[in-house]
Amino acid sequence: MTIQTAGFLSLLFMAICLPSLSFSSPQGKFQAADWAVLHSSRNDQRHVSSRGVVQTMLENIQPSCAFSPDMRPEDFPAWQKKVREAMKKLMKFPLHDNLPAPVLVKSVQREHYRVEKWEAYPLPGAAVPFLVLVPDTASEKNPVPVLFCIPGSDQTKEELAAETSPDLAQPPVPQPGSNAMACHYVKQGWAAVVVDNAGTGEEGDAEHAAGRSSHDYENLARFLLEMDWSWLGYTSYMDQCVLDWVKTRPWVQKNRIILSGFSLGTEPMMVLGVLNPDIFAFVYNDFLCRTLERAKVMTMPSSRGVRSAPNSIRHLIPGFWKQFDFPDIVAALAPRPVICTEGGLDRDFQLISAAYRTAGAPDHFQYRHQPRFADPAQRWHGEHLPAGLDRDAFFRLANVDPSNHFFKKDLVIPWLKGLLGRGQQ
């Protein structure tokens, strides 16, 4: 008998003879509702459950850059600078001086505008494609506003541009849908620049070749976290390099660069907005929430006893909750114009409105609720969401209507026309 065989038989004997170390379920059927809220039954309120310990830690987080409605106007610029410095540290952008200039790959003429495909080279080994839609009226003598468009999850730059192929070889979409924000913008006489989110579209990997309809963000995000970066830091850095190039274009009206983010794209939009004080305005096309609160209250377990994550790994930025949350970041954009198009909690909109009053521009912040929650009587009005929610309950109390999630061009374009004072039907 070889040593290897003897070792195998020994392990097999141990597996048969030793008692099982698995934890069996207690008598009686598991009731998820009984575990909806994490609490301790001990007199000292300590948790044996590690998840309970972490819940206590979540409850005690006080973001250091949170906006206070009591802030004095003279203190507002210093607070904005604090937010900007914190964002720089969290995003961990590499130094990007002396990068190779982007290269024009292809240009095709469409009706009243041209579409250009460019490549940027933000990192060694990286070729990042992006699209530029330029109206025929734009020139160095007649610069136009530009909308920097960032897609939502699994959307591509081609979808936003109403193009049917990455190589621009096919005709555009005959009747662009609502989400073709860049196409809708250029038809107003404004230029549009469209990027892909990291890991999406042409920046995706083997998933589409294998027939999958969605992109693999999770492994990409995990590897970036292992390298002390994050998905948001990476994609925002790529966008920043393209944005730096946009600012040099002779047909761009430099003081009228607007960031337009849809869904997932609102996150890099907020990062770029904080890091680039020269951006003119922002289109926030998603619902607004406090992500820390979402983590604290979405504690309802499944029938298997597993509590769901409030969001996927691509949204994770180590240290983010210790600094600020989404409403604080939008507040830090003041006094620059912002429109939020898909609702949220009035409590958060009131906080941002207070920031705009503090910055001396109360009319520069606008928000709209989803039609389902347009009537205040249909909205939840409270200061703190209750714990023990699942995803659907969270959306309901946060005044979110996932079925009505699309680019709200009928709200955004009139708002932009009012800001820019130009455009045609």
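Start at 1 with the first residue, then count along the sequence.
- Contact detail for L385 and R347: the closest heavy-atom pair is N-NH1, 4.4 Å.
- Residues K157 and E159 are not paired through a salt bridge, judged by the lack of any N-O separation under 4.0 Å between the basic side chain and the carboxylate.
- The shortest distance between side-chain heavy atoms of F280 and R336 does not fall below 4.5 Å.
- Side-chain polar atoms of Y185 and S260 form a donor-acceptor pair below 3.5 angstrom.
- Under the ring pair (Phe, Tyr, Trp, His ring centres under 6.0 Å) criterion, the residue pairs touching residues 327-349 are F349-Y367, F349-H369, with sequence neighbours excluded.
- Evaluation of the salt bridge (charged side-chain N to carboxylate O under 4.0 Å, His left out) test over residues 275-291, restricted to residues two or more places apart or in two chains, returns K247-D278, R290-D348.
- Within the structure, the side chain to side chain donor-acceptor pair (under 3.5 Å) test picks out the following pairs touching residues 261-274 (sequence neighbours left out): S263-H405, E267-H315.
- Under 4.0 Å is where a charged nitrogen must lie from a carboxylate oxygen, and between E202 and K117 at least one such pair does.
- Closest non-hydrogen pair, P122 versus V128, comes out as CD-CG2, 3.7 Å.
- The salt bridge (Lys or Arg N to Asp or Glu O under 4.0 Å) test applied to R84 returns no partner, not counting sequence neighbours.
- V144 has its side chain out of reach of V252: every pair of non-hydrogen atoms, C-beta onward, lies at least 4.5 Å apart.
- Between the N285 side chain and the C340 main chain, no donor and acceptor come within less than 3.5 Å of each other.
- The aromatic rings of W229 and Y234 sit perpendicular to each other, their planes meeting at more than 60°, with 30° as the lower class boundary.
- Sorted by first and then second residue, the side chain to side chain donor-acceptor pair (under 3.5 Å) pairs with a member in residues 389-398 form an empty list; sequence neighbours excluded.
- Side-chain atoms of H96 and D244 form a donor-acceptor pair, as typed in the model, at a separation below 3.5 Å.
- Every side-chain contact (heavy atoms from CB on, under 4.5 Å) that L220 has, sequence neighbours left out, goes to A198, L224, W231.
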Q | Derivation and outcome, side-chain contact (heavy atoms from CB on, under 4.5 Å), residues F148 and I258 | A | CA-CA 6 Å; F148 192 98; I258 299 167; over 6 Å; no
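- The side-chain tip of R379 does not point at the ring of F373 from less than 6.0 angstrom away and within 45° of straight on.
- Side-chain polar atoms of Q240 and N276 form a donor-acceptor pair below 3.5 angstrom.
- Evaluation of the salt bridge (Lys or Arg N to Asp or Glu O under 4.0 Å) rule for E158 yields no partner, not counting sequence neighbours.
- Evaluation of the salt bridge (Lys or Arg N to Asp or Glu O under 4.0 Å) rule for R110 yields E163 as partners, not counting sequence neighbours.
- Taking the six-membered ring where tryptophan is involved, the planes of F395 and F287 are perpendicular, since the angle between them exceeds 60° and thus also 30°.
- With respect to K106 and E116, no salt bridge is recorded, no charged nitrogen being found less than 4.0 Å from a carboxylate O.
- Side-chain atoms of S64 and Q323 include a donor-acceptor pair closer than 3.5 Å.
- Contacts classified as ring pair (Phe, Tyr, Trp, His ring centres under 6.0 Å) and involving residues 59-94 (residues at least two apart or in different chains) are given here: F67-W79, F76-W79, F93-Y237.
- The salt bridge (charged side-chain N to carboxylate O under 4.0 Å, His left out) analysis of residues 311-328, with sequence neighbours excluded, yields no pairs.
- Using a 4.5 Å cut-off on side-chain heavy atoms (C-beta onward), D196 and T235 make no contact.
- Between H47 and H39, the ring center distance fails the sub-6.0 Å criterion.
- K296 contributes atom NZ, which lies 13.0 Å from atom CG of L389 (distance to the nearest 0.5 angstrom).
- For A162, the side-chain contact (heavy atoms from CB on, under 4.5 Å) partners at least two apart in sequence or on another chain are V173, P176, A180, C183.
- Side chain of Q170 to backbone of T164: no donor-acceptor contact under 3.5 angstrom is found.
- Nearest heavy atoms, L288 versus V330: CD1-CG2, 4.2 Å.
- Annotation: salt bridge (Lys or Arg N to Asp or Glu O under 4.0 Å) contacts of K88 (sequence neighbours excluded): E85.
- E111 and Y113 share no side-chain donor-acceptor pair at under 3.5 Å.
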